[in-house]
Amino acid sequence: MERIKIKKLLSSDKPIEQVLFKGWVRTRRDAKSFSFIEVNDGSCLKNIQVIADETIPHYTDIQKITTGSAVSVTGKLIESKGKGQRWEVAAENVQIISIAPENFPLQKKRHSDEFLRTIAHLRPRTNKYGAAFRIRSELAFTIHKFFNDKGFRYIHTPIITGSDCEGAGELFRVTTLNAGESDFDQDFFGKESNLTVSGQLSAEMFALSLGDVYTFGPTFRAENSNTSRHVAEFWMVEPEMSFCDLSGNMSFAEEMVKNLTVGILDRCAEDIELFARFVDKTLMATLENLISSDFVQLPYSEALKILEKTTEKFDYEVGFGKDLQSEHERYLTEKYFKKPVIVYDYPKQIKPFYMRLNDDDKTVAAMDVLVPRIGEIIGGSQREERLDVLETRMTASELPVDQYWWYLDSRRYGTVPHSGFGMGFERFLMMLTGISNIRDVIPFPRTPNTIDF
RNA sequence: UCCCCAGUAGCUCAGUCGGCAGAGCAAGUGGCUGUUAACCACUGGGUCCGCGGUUCAAGUCCGUGCUGGGGAGCCA
């Protein structure tokens with residue numbers, strides 16, 4: 001007999017004479033002449049209830065089954081005689097695959113996220129984390145589907161890079177040298193190399209050949225960040241589009257955020273419901289608001305005016321040339337507009353060299369998408385396509401221009417306006433689930449001083 | 001890296017003014033029951049985060065280190 005997933009069993013529209021399924025026991029309760037066993041196989045949030053009557057083989061062994069044990073069950077799928085579930089399985093045979101001893105850490109009660117983080121290898125067996133990682137998987141699929149439907153090509157940009165290209169923070173060194181050796185000529189690549197902080201520069205080359213492209217892969221930052229929104233290894237989605245200006249970039253970001261949210265609400269309704277009930281009571285209202293409202297498009301200079309006018313007290317003052325602080329961003333998106341806000345045209349001195357210089361010579365065509373509770377979820381820009389302007393800005397930023405010869409080539413040969421952005425995959429998951437710590441939406445989080453599992 | 005808070009049973013937490021180490025859940029035993037975070041009774045379970053100090057006496061006060069959390073910066 002073929003094994004059936006519990007998700008399929010529970011969605012059956014009629015009884016089934018013979019079924020076989022396997023999974024892990026969440027709880028067992030003894031009645032007078034039989035035992036209730038709840039089994040979960042990870043295919044969905046819900047467990048299936050098994051009725052193991054005392055007349056079935058090995059009943060005394062079945063009574064020793066503990067939470068966490070693995071079982072294989074055959075029997076009949078019947079309508080439940082009890083309340084609380086439509087279907088249950090009248091077992092004909094319950095085979096114990098393995099018994100979890102009494103020190104199994106997950107108990108039939110609520111555990112704290114902090115505790116579960118210390119057993120990250122077991123936490124996907126809980127309702128909440130099982131749901132979170134099913135949603136994570138579905139979101140990845142939905143992203144690929146969205147881009148594929150839009151005619152974008154998926155580009156695998158390098159994980160190991162040869163220079164401090166992106167200039168976005170501290171890098172993780174990649175080397176085969178031994179400790180104490182620092183002669184990069186003798187290193188594996190013959191020069192200094194690091195883990196990537198962004199696939200953007202590579203993606204630009206492919207946007208300028210395949211048209212619309214995206215990358216979706218791991219990204220590494222060696223920043224000593226200790227917050228609920230930062231990890232050293234995370235995943236980023238980076239679309240890059242030729243013949244697209246900042247306005248098109250912003251519209252596209254909004255369309256993508258909405259499309260992915262709608263997709264997950266549709267594909268993961270049951271799992272999202274868990275978060276709406278137990279993690280964030282305002283989740284559904286927040287997501288409905290996100291889908292139905294037009295995102296605000298707000299020039300940086302206008303954002304400053306709003307922040308200067310308000311009576312809200314801030315720890316940091318605002319002013320042209322100063323980047324918006326978290327408190328400013330949160331005020332704009334959570335209190336002032338109460339919906340997602342795209343701030344654009346930032347002062348050039350606080351943004352990287354590759355962002356296109358505006359005609360005012362003071363701002364660049366940058367844009368950040370801010371959402372309530374999370375803050376910045378997307379950062380992007382129209383790219384500087386003019387060779388002379390780009391070189392000037394690189395020199396001003398004291399970058400080793402010669403190392404970027406290949407990047408500059410794209411501006412020498414058939415350069416065109418193009419735009420793109422990076423979206424934090426984990427931050428998007430936080431927004432979708434209401435989970436407040438980024439360490440809880442990635443299977444095995446990497447943070448300063450922590451590389452367990 | 002900076003600021004703030006916390007660390008007590010397997011888990012969640014209480015512990016008053018410095019004076020015998022506690023509860024619920026979990027585990028074990030027994031009972032009851034179409035139960036559903038089942039229920040009832042009993043039993044076992046402690047390096048009070050580590051180190052140092054003050055004191056007749058420290059879970060409690062002081063110093064220090066470690067770990068975790070919240071906030072900030074950096075950013076996605």
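Each chain gets a letter, A, B and so on, in the order its sequence line appears, and its residues count up from 1.
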Rounding to an integer number of angstrom, what distance separates [N] and [M] when you compare their [atom1] atoms?
N: B:A76; M: B:G7; atom1: C1'; value: 32 Å
N: B:G59; M: B:G18; atom1: P; value: 13 Å
N: B:C20; M: B:A37; atom1: P; value: 40 Å
N: B:C25; M: B:C66; atom1: C1'; value: 29 Å
N: B:G30; M: B:C17; atom1: P; value: 45 Å
N: B:U55; M: B:C62; atom1: C1'; value: 12 Å

So, [X] and [Y]: side-chain donor and acceptor under 3.5 Å apart, yes or no?
X: A:Arg383; Y: A:Ser381; answer: yes
X: A:Gln63; Y: A:Glu54; answer: no
X: A:Glu329; Y: A:Gln325; answer: no

Base paired to [N] (Watson-Crick or G-U; both N/O distances under 3.5 angstrom):
N: B:A72; answer: B:U1
N: B:C17; answer: none
N: B:G24; answer: B:C11

Base, sugar-phosphate or nothing for A:Glu327? Non-hydrogen atoms, less than 4.0 Å. nothing
B/S/- contact track for nucleotides 24-29 of chain B, protein heavy atom under 4.0 Å: BSSS--
Quick check for you: to the nearest 0.5 Å, what is the distance between A:Trp87 atom CH2 and A:Lys76 atom NZ? 14.0 Å
Any stacking of A:Phe425 on B:A76, going by centres under 5.5 angstrom and planes within less than 30 degrees? no
The single option from A:Phe206, A:Tyr154, A:Phe146, A:Phe425 passing ring-ring contact (aromatic ring centres under 6.0 Å, His included) against A:Tyr214: A:Tyr154
